[in-house]
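Note sheet for the following structure.
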Amino acid sequence: MWQYIVRRLLFAIPTVLGITIIVFSLTFLTPGDLVLTIMGLDPEAMTSIDKKEVERIRHELGLDRPPYIQYLYWLGNLLRGNLGKSFTLKHPVSELILRALPVTVPLAFGTMLIAAFLGVPLGILSATRRHTAADNIGRVLSILGVSLPVFWEALLLILLFAVIWPIFPISGTIADKGWRAIVLPALAIATHPAALIARMTRSSMLEVLGLDYIRTAHAKGLPPSRVSYVHALRNACIPVVTVMGMQFGSLLGG
């Protein structure tokens with residue numbers, strides 16, 4: 001098991017390096033000049049003083065170096081945890097990220113817990129009750145979860161559970177108002193990942209339920225619940241966990 005984990009981590013190193021090269025290279029393909037954008041200058045209305053200032057900032061940022069030197073310099077700073085400074089907020093990027101993490105991480109964890117709690121049982125129910133009313137309802141709920149705008153759901157939750165029935169606070173953080181502060185935003189955000197998890201769980205369960213070892217388990221006389229929730233779900237969870245990991249990453253980034 002540990003050998004497999006170490007091998008996968010070693011394989012991830014060239015993958016991550018390749019991603020950094022691609023992302024870094026895309027910055028050279030975007031139109032416009034970064035320094036002019038930072039300074040808010042029009043290329044056609046620049047004076048000689050402006051041009052000298054542009055060259056000074058370009059040299060200060062290392063943008064006058066060859067692209068591969070810029071990449072190595074950027075990669076070295078990245079490995080040391082130096083993400084540079086925000087040109088708009090004038091603060092180090094790492095400081096801005098650390099400032100947002102205490103709010104973002106609990107909200108992301110709460111969202112994924114709700115999404116998994118709603119999506120996995122709904123997907124299992126749809127798969128084990130295929131072509132029934134429960135399956136149809138589950139698929140309709142999945143479509144609604146993907147389609148409904150999050151901001152509309154958030155407003156509706158505030159109206160119901162913070163105004164009409166003042167159960168949860170309208171705003172605030174865990175530090176201010178405890179865990180109740182993240183219930184409504186986590187519910188609003190969780191509908192989209194919950195729908196994706198439900199659809200993936202249903203598709204994966206249907207694929208596994210048709211395999212030979214599942215038919216063998218039924219032939220041995222095992223209870224249908226044990227076959228579905230123990231033997232089938234164990235293998236069906238592999239793509240579901242992958243989707244959950246991707247959704248969790250997008251929540252942290254978003």
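Just so you know, these numbers use all the heavy atoms, side chains as well, and skip hydrogens, waters and symmetry mates. Counting begins at 1 with the first residue of the sequence.
With S204 contributing its side chain and M200 its backbone, the two residues share no donor-acceptor pair below 3.5 Å.
A162 and L184 get closest at one heavy-atom pair: CB-CD1, 4.2 Å. Scanning both residues, L78 and L83, for their nearest heavy atoms gives CD1-CD2, 3.3 Å. Closest of all the heavy-atom pairs between L209 and A232 is CD2-CB, 3.8 Å.
With sequence neighbours left out, E207 forms a side-chain hydrogen bond (donor to acceptor under 3.5 Å, both in side chains) with no residue at all.
In the displayed structure, R180 atom CZ is contacted under 6.0 Å by more than 12 heavy atoms of other residues, nucleotides or ligands. Atom CZ of R129 sits in a sparse spot, with 12 or fewer heavy atoms from other residues, nucleotides or ligands closer than 6.0 Å.
Put simply, CG on N82 and CH2 on W74 are 12.0 Å apart, with the number rounded to the nearest 0.5 Å. The distance from atom CZ of R130 to atom CE of M205, rounded to the nearest 0.5 Å, is 12.5 Å. With rounding to the nearest 0.5 Å, the separation of CG in L26 from CD1 in I22 is 7.5 Å. With rounding to the nearest 0.5 Å, the separation of CG in L96 from CG in L101 is 11.0 Å. Taking CG of L159 as the start and CH2 of W165 as the end, the distance is 9.0 Å to the nearest 0.5 Å. Here the CG atom belonging to L211 is positioned 8.0 Å from the CG atom belonging to N235, to the nearest 0.5 angstrom.
Looking at Y71 and T20, their side chains come closer than 4.5 Å, going by heavy atoms from C-beta outward. Looking at heavy atoms from C-beta onward, L160 lies in side-chain contact with L156 at the 4.5 angstrom threshold.
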Using distance only, find each side-chain donor-acceptor pair of residues 243-254 under 3.5 Å and give its atom names and separation, not counting sequence neighbours.
from : atom 1 : to   : atom 2 : distance (Å)
S250 : OG     : Q247 : O      : 2.7

Please tabulate, for the side chains in residues 133-149, all donor-acceptor contacts under 3.5 angstrom to protein atoms that are two or more places apart in sequence or on a different chain.
from : atom 1 : to   : atom 2 : distance (Å)
D135 : OD1    : R202 : NE     : 2.9
D135 : OD2    : H131 : N      : 3.0
D135 : OD2    : R202 : NH2    : 3.0
N136 : OD1    : R139 : NH2    : 2.9
N136 : ND2    : T132 : O      : 3.3
S142 : OG     : G138 : O      : 2.9
S147 : OG     : I143 : O      : 2.7

Hey, can you pull the donor-acceptor pairs under 3.5 Å for the side chains in residues 105-123, sequence neighbours left out?
from : atom 1 : to   : atom 2 : distance (Å)
T111 : OG1    : L107 : O      : 2.7

Pairs under 3.5 angstrom only: tabulate donor-acceptor contacts from the side chains of residues 190-197 to other protein residues two or more places apart or in another chain.
from : atom 1 : to   : atom 2 : distance (Å)
T191 : OG1    : E153 : OE1    : 2.7
T191 : OG1    : E153 : OE2    : 3.2
T191 : OG1    : A188 : O      : 3.1

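Hydrophobic cluster membership is shared by L10 and L17, with clusters built from Ile, Leu, Val, Met, Phe, Trp and Tyr side chains linked at under 4.5 angstrom. Residues I164 and I167 are members of one and the same hydrophobic cluster, defined by side-chain heavy-atom contacts under 4.5 angstrom among Ile, Leu, Val, Met, Phe, Trp and Tyr. W179 and F161 end up in the same hydrophobic cluster when Ile, Leu, Val, Met, Phe, Trp and Tyr side chains are linked at under 4.5 Å. Hydrophobic clustering (side-chain heavy atoms under 4.5 Å, transitive across Ile, Leu, Val, Met, Phe, Trp, Tyr) keeps L187 apart from V150. Both F168 and W152 belong to a single network of hydrophobic side chains, linked directly or stepwise wherever heavy atoms of I, L, V, M, F, W or Y lie under 4.5 Å apart.
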Decide side-chain contact (heavy atoms from CB on, under 4.5 Å) for V208 and Y213; before the verdict, give the C-alpha distance in whole Å, the side-chain angles of both, and the deciding distance to 0.1 Å.
-> CA-CA 9 Å; V208 172; Y213 81 95; 3.2 Å; yes

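Side-chain contacts under 4.5 Å among hydrophobic residues (ILVMFWY), followed directly or transitively, place V241 with no other residue at all.
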